[in-house]
A.B. asks: 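Could you have a look at this structure, given as structure tokens, before my questions?
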Amino acid sequence: MPVARPETSDARVIAHVDMDCFYVQVEQRKQPELRGLPTAVVQYNEWQGGGLIAVSYEARKCGVKRSMRGDEAKAACPEIQLVQVPVARGKADLNLYRSAGSEVVSILAQSGKCERASIDEVYLDLTDAAESMLADAPPESLELMDEEVLKSHILGLSRKDGDDFEESVRDWICRKDADRRDKLLSCGIILVAELRKQVLKETEFTCSAGIAHNKMLAKLASGMNKPAQQTVVPYAAVQELLSSLPIKKMKQLGGKLGTSLQTDLGVDTVGDLLQFSETKLQEHYGINTGTWLWNIARGISGEEVQGRLLPKSHGSGKTFPGPRALKSLSNVQHWLNQLSEELSERLSSDLEQNKRIASTLTLHASAFRSRDSDSHKKFPSKSCPLRYGVTKIQEDAFNLFQAALREYMGPFGSKPQGNKQETWRITGLSVSASKIVDIPSGTSSIMRYFQSQSTVPSRSADGCVQDHVVTPSASEGCSEQISTETQAVIPEEDTGVTYTFPNFETPDKDVDLVSEKDVVSCPSSEATDVPTQLESNRTSQTKRTGRKINNPKEKNRGMPSIVDIFKNYNASPPTKQETQEDSTVSPSTSKRANFSNSSHSSEVTQESEERRQQIDWGYKIDEIDQSVLNELPVEIQRELRRFLHPNKRLNTNSKSKGDGSTSSIAHYFPPLNR
Ligand code: TTP
């Protein structure tokens, strides 16, 4: 079967760096006396010693596994040291591990484009650094090579009997006749070894890495030799690696799609896919999924390393397995309050430290019903515009829950059926904040403006951000999320069972980061062609507004719209109508949003004018000075101008009406009557 070889122009050096038994390492750094001892981290739980979530390699040698409870681990390895995860608000507090992950990211980010993929995983695009090394100091010119480089595993490297392992590696790295792409990978080997040493020196953490020409292969390789080792996938080794790789081990194929490939097409390994033409795969799974499958069978993946050091979303979740399932609204509200409080704290520090705002609040839950005739019915996820402030998040989360519950229980949910009333049980709850965008750069004055208002995000006595209302802006244009099922092992509470949540962020592992499973450039794991969330958002926008969005700018705007922020200055909590299943409320679908999309409709312009007159802005918008607007990014200037003066086309460079002596928005937006 001929294999399509990637073009030379695709020659890239991508590394996937994965920390080894991460939570254990973090705990061992805190308590150095645990180093070298079989150790495991357990989530607090009185039942059978709690669920293990991280296991040291010493403990793994004794047969201890993550799926075990503390008591089982002790039986397998009596000398095991069990460390409890910190607890706050009655649930695991992962802050310690999150900040340890950030330490690593800040070191790795110095080497090239860096994408934080989860709490302990990072992708790096080292192509530029490798190109420079190849030009200035190619591997064959090096007299000495670090031991860490020589310990690298090179897939497919054949060694003759008696060959010295390190010598073989050195020979491979220094081959003069190698393909340029492999020469770049050789440089990658040296760069990654250096980085791993630096991480160890500065953080005391070991990590493993995979080095290849794309993310998919790098990720596969990083887990092949652990702990504290690195593995390289030369071009010639791609086919062999994939030919024996069980189909379910491939990212995105662990779920339904993988199962369908096994049962419907008889595919066991990724290599087995090579026997199917692209058309055949498309016939079975749709155009996008078919093409994606055809590509991965050949080790082709165009997924770019995103320059993203910060999480794509924040979330807080907890499971309530077995007898702990929540049965009453008051219990649900209690836990939603705890989760919302944690979420609000994280949003607050993200705003303060990174000047980022999130615009969508989503509630996920898992549940079951008594006398469930439809046991597969999922508890619907609901989203609404995110309002800053702990009490608002708590209120909105509970409203979302109630809306979802009504839908889940159906029309007879609250009424007795026969003699018995149908009841529900909640086994998992999570709240998350997504569509996070930077506050536009160069607009520190905007921040000052918000800070000067009584309703702006400022820290209250309880440390929470208050009262800033933000709605989904054009950030949909940046979203990569798709609605896939995320398999989450939730060892937190009683069972250690694997739960499947619809798009449920894994509360135990990495709730603040959209897990890799959600960050994809390929079709979802559903066995059908599922549009990306971006596509579905657009589709739903089109459906609900009856208006096609043709303006490419509108589709791609990556900045939060100032108008979006202003327009919801007095926004009220989401009503039932504003909540939606499994999708976020987009500007064009929200009641409030019609007047914000000022760039594309005269009817909208009309409405904005009317609304503009009614709204309690707190300042005279017509008196905003041009020089202040000129300070903003052009895109926002245009939008704001259209909103402020819908019937006029204003010159961006028009002269200032005011004295122009200050560039502070706060100066020009003095609070009125406050
Ligand atoms: P992993 O990277 O999956 O595992 P690990 O770092 O413990 O071990 P390895 O060396 O095999 O990569 O997870 C990173 C951390 O996330 C882990 O230390 C603990 C946490 N975690 C959970 O809390 N629950 C889970 O179900 C998983 C998989 C991980």
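All values below were derived from every heavy atom in this structure, side-chain atoms included, with hydrogens, water molecules and symmetry-related copies excluded. As the structure lists them, so they are numbered: ligands from 1, and atoms in each ligand from 1. Count residues from 1 along the sequence.
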A.B. asks: Salt bridge or not for E148 and K151, using N-O below 4.0 Å?
C.D. replies: yes
A.B. asks: Any donor-acceptor pair under 3.5 Å linking the side-chain atoms of R116 with those of S102?
C.D. replies: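 Short answer, yes.
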A.B. asks: Say whether D120, considering both its backbone and side-chain N or O atoms, lies within less than 3.5 Å of an N or O atom on ligand 1.
C.D. replies: yes
A.B. asks: Within the 4.0 Å heavy-atom shell around D18, which atoms of ligand 1 are there?
C.D. replies: 2 (O), 12 (O)
A.B. asks: Examine the side chains of D18 and S208 and answer whether a donor and an acceptor come within less than 3.5 Å of each other.
C.D. replies: no
A.B. asks: Which of these, Q25, R60, E121, has its nearest heavy atom closest to atom 11 (O) of ligand 1?
C.D. replies: R60
A.B. asks: Out of curiosity, is C21 lining ligand 1, as in a heavy atom under 4.0 Å away?
C.D. replies: yes
A.B. asks: Using a plain distance cutoff, I'd like to know if I119 has any nitrogen or oxygen under 3.5 Å from a nitrogen or oxygen of ligand 1.
C.D. replies: no
A.B. asks: For residues S434 and T360, is any side-chain donor paired with an opposing acceptor at under 3.5 Å?
C.D. replies: no
A.B. asks: If you measure from atom 29 (C) of ligand 1 to every heavy atom of R66, Q43, M19, E27, which option wins on shortest distance?
C.D. replies: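 Minimum heavy-atom distance to atom 29 (C) of ligand 1 goes to R66.
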A.B. asks: So if I apply the side-chain contact (heavy atoms from CB on, under 4.5 Å) rule between V238 and each of L155, L220, L217, which one comes out positive?
C.D. replies: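 Only one of L155, L220, L217 forms a side-chain contact (heavy atoms from CB on, under 4.5 Å) with V238, namely L217.
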A.B. asks: Relative to atom 10 (O) of ligand 1, which among Y97, F22, Y23, Y57 owns the nearest non-hydrogen atom?
C.D. replies: Y57
A.B. asks: Just which atoms of ligand 1 are under 4.0 Å from any heavy atom in K226?
C.D. replies: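 Counting from 1, the qualifying ligand atoms are 9 (P), 10 (O), 12 (O).
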A.B. asks: Run F401 and Y408 through ring pair (Phe, Tyr, Trp, His ring centres under 6.0 Å) and show every step you take.
C.D. replies: CA-CA 10 Å; F401 176 82; Y408 179 67; 9.4 Å; no
